[in-house]
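What follows is a set of notes on a single structure, which appears directly below.
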Amino acid sequence: MRYRNMLENIPTLIGECLMSRKYMPLEIEEKWQRYWEETGTFKVTEDPAKKKYYLLEMFPYPSGKIHIGHVRNYTIGDVVARYKRMEGYNVLHPMGWDSFGMPAENAAIERGIHPSIWTNENIAHMRMQLKRMGFSYDWDREVSTCEPEYYRWEQLFFLWMFEKGLVYKKTSSVNWCPRCETVLANEQVEAGLCWRCSSEVKEKVLDQWFFRITAYIDELLEGCDRLPGWPERVLTMQRNWIGKSFGCEVSFPMADGPGEIKVFTTRQDTLFGATFMLIAAEHPLVMELVKGKALEKEALAFAEEVKKQDKLMRTSDYYEKQGLFLDCYCLNPLTGWKMPIFATNFVLADYGTGCVMAVPTHDQRDFEFAEKFNLRKVVVISPPGKTLDPETMTEAYVEEGILINSGPFDGMENLKALDAIADYLISLGKGKRTVQYRLRDWGISRQRYWGAPIPMVNCPKCGTVPVPESDLPIVLPRDVDFSGEGGSPLARHPDFLNTACPACGGPARRESDTMDTFVESSWYFERYCCPHFDQKPGIKREQVDYWMPVDQYIGGIEHAILHLLYARFYTKMLRDFGLVGVDEPFTNLLTQGMVCKETTRCPEHGYLFPEEVTEGRCTHCGAGVIVGKTEKMSKSLKNVVDPDYLIRQYGADTARMFCLFAAPPEKDLEWSDQGVEGSFRFIGRTWRIVMDYLDDLQGIAPFSGGEELEGDLRSLRRKTHQTIQKVREDMGERFHFNTAISAIMELVNTLYSTPRPSREDRKALAVVRETIEAIVVLLAPIVPHLTEELWQMLGHQGVCLADTPLPVYDPAVAARDEMTIVIQVNGKVRGRIAVAPDEREDRIQALAMADEKVSRFIEGKTVIKQVYVPKKLLNIVVKG
RNA sequence: GCGAGAGUGGCGGAAUUGGCAGACGCACUGGACUUAGGAUCCAGCCCGCCCGGCGGAUAGGGGUUCAAGUCCCCUCUCUCGCACCA
């Protein structure tokens, strides 16, 4: 008997043991991370019986360590992935590495480490950090773009593109440092100087490869209208970037002799006012027109000057309009006027035809130019009810109006004249309708080592010849010399460079340029669907068809244009190759905000890292620290928080919780150390209340209805079901994690304020268990380690919370017993009355009138009208 | 300059469809517990006043409405994107 008693007491003893147990995040977290890894919890395969959900976060460049921006991005993604999984979806949630790129090459130059070693060490470290955050990736699908197993397929696609004319070679200019003898990226040019040696950067013209993205330009533009799951501002940015405009190409014959100048204009309605012609200074036509003339030298010098200006243009606010009269004329095709021709700095050579008809009265830039050179001005659009005098105008009239001085079109509204004049030009054979785009083809050549080699061979006899498919992959050689000088290491590597021409067998040279790293990120999401498929074409259609498109893509706004546009283009191209079945890769896009923090600086030591500040003083000199503006976290401003430190101090769960709680995902997040403390405190508070009840809940099943509840228990259960409803709406539908967390906090607060039931009150304890289990399950996607641990302690041995379905709320339980109706008099709140949820309007009106406070405001006045908003409010409008 | 978005307590932020402005958290204040508290639990916390009540508050001004943070017009400020694109 005694023995039996002891046995019965064992659960209690365990309970008491647990009660004294503190929240130890590091132990718990590492334990569950090990568990997930060992049991393969997050590995997925195609399952036609289940609905799929593809959640993707933009993969990182392996720079060395994850930063807080990654923590935020991947936490948001992980919560959605875990949530969808608990909703029953078959969730694909992969991770990999955008591992080609310049920093690896810089490390090689500066520290003598081979880019592949540097990259793979970084990957190893960052993978460990991501695992330590508890993200639910299927690590078996990890992809690293710098491996031949990945980029070989890109080389195959390149060959197919070449066949179809989707890739071509064109001369194009690059930034060139004459001292380092190397090509510089735009970000390596600082104020026109080389970042490394400060020599003046020159322009160098090279043969380069281009992807014909413009072949898909209309589909890319129209697709913007079919992406309702994308933020409007991203779509606007893409539309602007594509920059489609409708207009006319108009021919202006030369005044003396043969030839003509073609211009593109969207304003053919102003053609009768075109009085001079402008040509981009660097346009080849300029040199043709001045050939043999005294001006030739001057024109050449002007073109050189303008080319240099081009680099500085971005930084200057006002451009002086410069021009050079080329001593020749063309004719306005409609008026026959002689139009002087100028070379100028403000016309772009590569947009339209590089030539512009100038209408000084209706274009501000042309107006300024005409003023400077004293050129003829003719008004052709008259504002309603006014007349403009070209002699006294101080600026161009750019609004709408009625045509004048325009021959047969006088009196027509200018917008209508757009079509009429276009038709007229066509009938005269002097013009045609055309469309212009701002978007250019995508230059993908990089004169760099650490990128995917372009599978082409240059043969002195046969020209540019593609490598045969059977020779793929063209693997980057490892033994190269990194000096940072003399151009790309590949161009100096004879074993790589020298080859036989695939066409004639003669000696030839390999293409030494590598591809832009945006090419790798244009299809990695398709590779994730079949990461180990090693047969041509590297994409397994059945698998891709199951997973694609990406249901939710999450990443920074900085990729709003280039990456997303390139990925859309590449997917459409792969579709036309028959490799994928979708038109658009990303159905929904979430662009998360930046992580910001206040800056701190010492008058002596400049910007300080947070750990260099103690109690408002600089740790180096003790001077008072100046707290500056809140800025995006960056190393240069030193306002950074180290994720490793956070994990050590609070654990991954707290870091995750804070990232979600402090701001909605699309907004900037202001980092606050105290806010982190707050999240940690909430986690501790949740832990303690569960520990406090744990013992009493042994052997108690969660309340599941049947019996009537009253008082506090009824309220607690109602609150529980209301919380389930709110959290499901906020997390599953709106991605408002901050309000979902608030709701759970409220439920925890309610549990704290509910009087503690006695140990014998099994019904009450069942209600408490239902609440506690709801809290734990609802928190699971947000703080997965804590909740797995609590779930197990609550007796769910051998069940992984990550696979537990989300709780369902019972609308009848969540419904209020009574509703509070706000009573307003003339729109001001004067009282509240509690009534049954189905109370009729007339009864509510009667109760309101009877209310002491309300009647005070009505007394002696006439009730004009009563507005009743069902279940919410009654507004009594009175007069007198 | 053009385009888009935003502006709510000391702070981060709630308010989903026009219906109680300020949920939740931070900071602050007080209390309890305590050897101690930078732990924990409880409470207070927009502003003003002639405070058991009333008035004012969502950048500023005007409008629509029984009712406006929310819709409309004007002004200011900030953020982002584009910036000679003809």
Side-chain angles (χ1 to χ4, degrees), chain A residues 22 231-241 243-245 247-248 263-268 270 274 278 280 313-314 317-319 321 344-348 350-359 362-366 368-369 436-439 557-558 560-561 593-594 630 657-658 661-664 666-679 681-682 684-685 688-689 726 729-730 733-734 736 738-746 748-749 752-753 820-832 853 864-878:
Chain A
K22 273 193 138 161
E232 197 48 52
R233 66 180 186 136
V234 174
L235 293 172
T236 305
M237 279 155 87
Q238 294 225 338
R239 287 190 192 104
N240 290 343
W241 191 258
K244 185 177 190 175
S245 53
C248 276
V263 306
F264 170 73
T265 181
T266 55
R267 293 298 307 275
Q268 59 272 19
T270 64
L278 297 166
M313 221 158 68
R314 288 162 210 282
D317 285 345
Y318 301 98
Y319 314 120
K321 294 194 170 28
T344 179
N345 63 337
F346 79 93
V347 168
L348 304 174
D350 61 352
Y351 183 79
T353 61
C355 306
V356 173
M357 69 174 203
V359 184
H362 302 295
D363 182 288
Q364 187 57 29
R365 297 156 300 180
D366 298 348
E368 285 166 31
F369 194 89
Q436 275 296 322
Y437 298 93
R438 212 185 80 104
L439 178 69
I557 187 75
E558 66 273 20
I561 299 175
M594 298 180 302
T630 297
M657 165 85 78
F658 178 72
F661 183 63
E666 64 278 4
K667 282 184 75 171
D668 284 354
L669 183 155
E670 193 183 316
W671 196 266
S672 144
D673 294 331
Q674 283 156 341
V676 178
E677 291 277 354
S679 296
R681 217 148 43 212
F682 168 68
R685 194 168 150 81
R688 282 188 300 275
I689 192 108
K726 169 129 181 84
E729 283 164 5
D730 285 355
E733 290 160 34
R734 302 199 305 162
H736 281 205
N738 55 337
T739 51
I741 293 170
S742 295
I744 302 170
M745 285 174 166
E746 282 184 56
V748 172
N749 290 346
Y752 265 92
S753 59
T820 306
I821 302 292
V822 171
I823 310 300
Q824 295 183 336
V825 178
N826 286 349
K828 292 199 163 146
V829 180
R830 296 302 180 190
R832 295 181 173 82
K853 259 156 95 186
I864 302 169
K865 156 177 186 183
Q866 301 194 36
V867 182
Y868 176 63
V869 182
K871 297 179 193 287
K872 277 187 181 155
L873 163 150
L874 177 70
N875 190 8
I876 303 166
V877 186
V878 298

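Every chain is numbered from 1, with letters handed out A, B, ... down the list of sequences.
The closest side-chain heavy-atom distance from L874(A) to I823(A) is below 4.5 Å. Looking only at side-chain heavy atoms (C-beta outward), W671(A) and D673(A) come within less than 4.5 Å of each other. Inter-residue side-chain proximity for L348(A) and F346(A) is flagged as unmet; no heavy-atom pair is nearer than 4.5 Å. Looking only at side-chain heavy atoms (C-beta outward), I744(A) and F682(A) come within less than 4.5 Å of each other. Within the 4.5 Å cutoff, no side-chain heavy atoms of K872(A) are placed close to those of T820(A). Two residues are said to be in side-chain contact when any heavy atoms from C-beta on lie closer than 4.5 Å; S245(A) and Y437(A) fail this criterion.
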Item to check | Heavy-atom protein contacts under 4.0 Å, nucleotides 47-52 of chain B, coded B base, S sugar-phosphate only, - none | outcome: ------

Item to check | B/S/- contact track for nucleotides 35-45 of chain B, protein heavy atom under 4.0 Å | outcome: -----SSS---

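Heavy atoms only, all atoms of each residue included: A662(A) and L669(A) are closest at CB-CG, 4.0 Å. Closest approach of A358(A) and L278(A) over heavy atoms only: CB-CD1, 3.9 Å. Summarising the geometry of A743(A) relative to K726(A), their closest heavy-atom pair is CB-CG, 3.9 Å, with the distance given to 0.1 Å. Between F658(A) and S672(A), the shortest heavy-atom distance links the atoms CZ-N, 3.7 Å. The two residues M357(A) and D366(A) come nearest to each other via the heavy atoms O-OD2, 3.9 Å. Across all their heavy atoms, K871(A) and I821(A) have their closest contact at C-CD1, 3.6 Å.
Taking only side-chain nitrogens and oxygens, N738(A) never comes nearer than 4.0 Å to OP1 or OP2 of G25(B). Between A15(B) and R734(A), a contact under 4.0 Å exists linking OP1 or OP2 to a side-chain N or O.
For Q674(A) and C11(B), the CD to P distance is 14 Å, given to the nearest whole Å. For the pair M745(A) CE and G12(B) P, the computed distance is 17 Å after rounding to whole Å. Put simply, CG on L235(A) is 19 Å from P on G3(B), counting in whole angstrom units. One atom, CD of E368(A), and another, C1' of G1(B), lie 11 Å apart when rounded to the nearest Å. Distance NE2 (H736(A)) to C1' (C24(B)): 15 Å, rounded to an integer number of Å.
The side chain of K872(A) sits closest to G19(B) out of G19(B), A27(B), G25(B). In the set C84(B), A23(B), U16(B), the nucleotide with an atom closest to the side chain of K726(A) is U16(B). Distance from the side chain of P664(A) is smallest for G13(B) among the nucleotides G13(B), C84(B), U16(B). Relative to the side chain of T739(A), the nucleotides C24(B), A14(B), G19(B) differ in distance, and A14(B) lies closest.
One P atom belongs to A59(B), the other to A21(B), and the distance between them is 16 Å to the nearest Å. When the C1' atom is used for both G22(B) and G12(B), the distance is 13 Å, rounded to whole Å. Comparing G19(B) with C72(B), their P atoms sit 15 Å apart, to the nearest whole Å. Straight-line distance between the P atoms of G7(B) and U70(B): roughly 11 Å, to the nearest whole Å. Spacing between G37(B) and G31(B) at atom C1', rounded to whole Å, works out to 15 Å. Between G5(B) and G9(B), the distance separating the two C1' atoms is 24 Å to the nearest Å. Only the P atoms considered, C42(B) is 29 Å distant from G48(B), to the nearest whole Å. Nucleotides C45(B) and C50(B), compared at atom C1', are 24 Å apart to the nearest Å.
Applying the side chain to side chain contact (heavy atoms under 4.5 Å, CB included) test to E677(A) and every residue at least two apart in sequence or in another chain returns Y650(A). Not counting sequence neighbours, the partners of K244(A) by the side-chain hydrogen bond (donor to acceptor under 3.5 Å, both in side chains) test are D218(A). In this structure, the side chain to side chain contact (heavy atoms under 4.5 Å, CB included) partners of N749(A), at least two apart in sequence or on a different chain, are R685(A). In this view, R267(A) and D269(A) satisfy the salt bridge (charged side-chain N to carboxylate O under 4.0 Å, His left out) rule, not counting sequence neighbours. Listed by chain and number, the residues in a salt bridge (charged side-chain N to carboxylate O under 4.0 Å, His left out) with E729(A) amount to none (sequence neighbours excluded). D363(A) is linked by a salt bridge (charged side-chain N to carboxylate O under 4.0 Å, His left out) to R365(A), counting only residues two or more places apart in sequence or in another chain.
With hydrogens and angles ignored, a donor-acceptor pair under 3.5 angstrom links the side chain of K321(A) to the base of C84(B).
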So which protein N/O to nucleotides 55-58 of chain B N/O distances come out below 3.5 Å?
from, atom 1, to, atom 2, distance (Å)
G55(B), OP1, R830(A), NH2, 3.4
G55(B), OP2, R830(A), NH1, 3.2
G56(B), OP2, K828(A), NZ, 3.3

Polar pairs (N or O, both sides) under 3.5 Å between protein and nucleotides 62-66 of chain B?
from, atom 1, to, atom 2, distance (Å)
C66(B), OP1, K865(A), NZ, 3.4
C66(B), O2', N875(A), ND2, 3.1
C66(B), O2, N875(A), ND2, 2.7

Protein-nucleotides 77-82 of chain B N/O pairs closer than 3.5 Å?
from, atom 1, to, atom 2, distance (Å)
C82(B), O3', R438(A), NH1, 3.4

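The side-chain tip of K321(A) does not point at the ring of F369(A) from less than 6.0 angstrom away and within 45° of straight on.
A syn orientation is assigned to G9(B), its glycosidic angle lying within 90° of 0.
Stem regions for RNA chain B, each three or more consecutive Watson-Crick or G-U pairs with both distances under 3.5 Å and listed by first number, read B:1-7 with B:76-82, B:10-12 with B:24-26, B:28-32 with B:40-44, B:46-49 with B:53-56, B:59-63 with B:71-75.
Each of T353(A) and A662(A) has a nearest nucleotide on RNA chain B; the 5'-most of these lies closest to A662(A). Residue whose closest nucleotide on RNA chain B sits further toward the 5' end, between T236(A) and Y351(A): T236(A).
When heavy atoms are screened at a 4.0 angstrom cut-off, V359(A) is found touching no nucleic acid atom at all. T266(A) comes within contact range of the sugar-phosphate backbone alone, with a heavy-atom separation under 4.0 Å but no base atom that close. Residue G678(A) is in sugar-phosphate contact alone, with no base atom involved, counting any heavy-atom pair closer than 4.0 Å across all strands shown.
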Checklist entry - Please walk me through it: do M657(A) and V676(A) pass side chain to side chain contact (heavy atoms under 4.5 Å, CB included)? => result CA-CA 8 Å; M657(A) 165 85 78; V676(A) 178; over 6 Å; no

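Salt bridge present: R239(A) and E232(A) bring a charged side-chain N and a carboxylate O closer than 4.0 Å.
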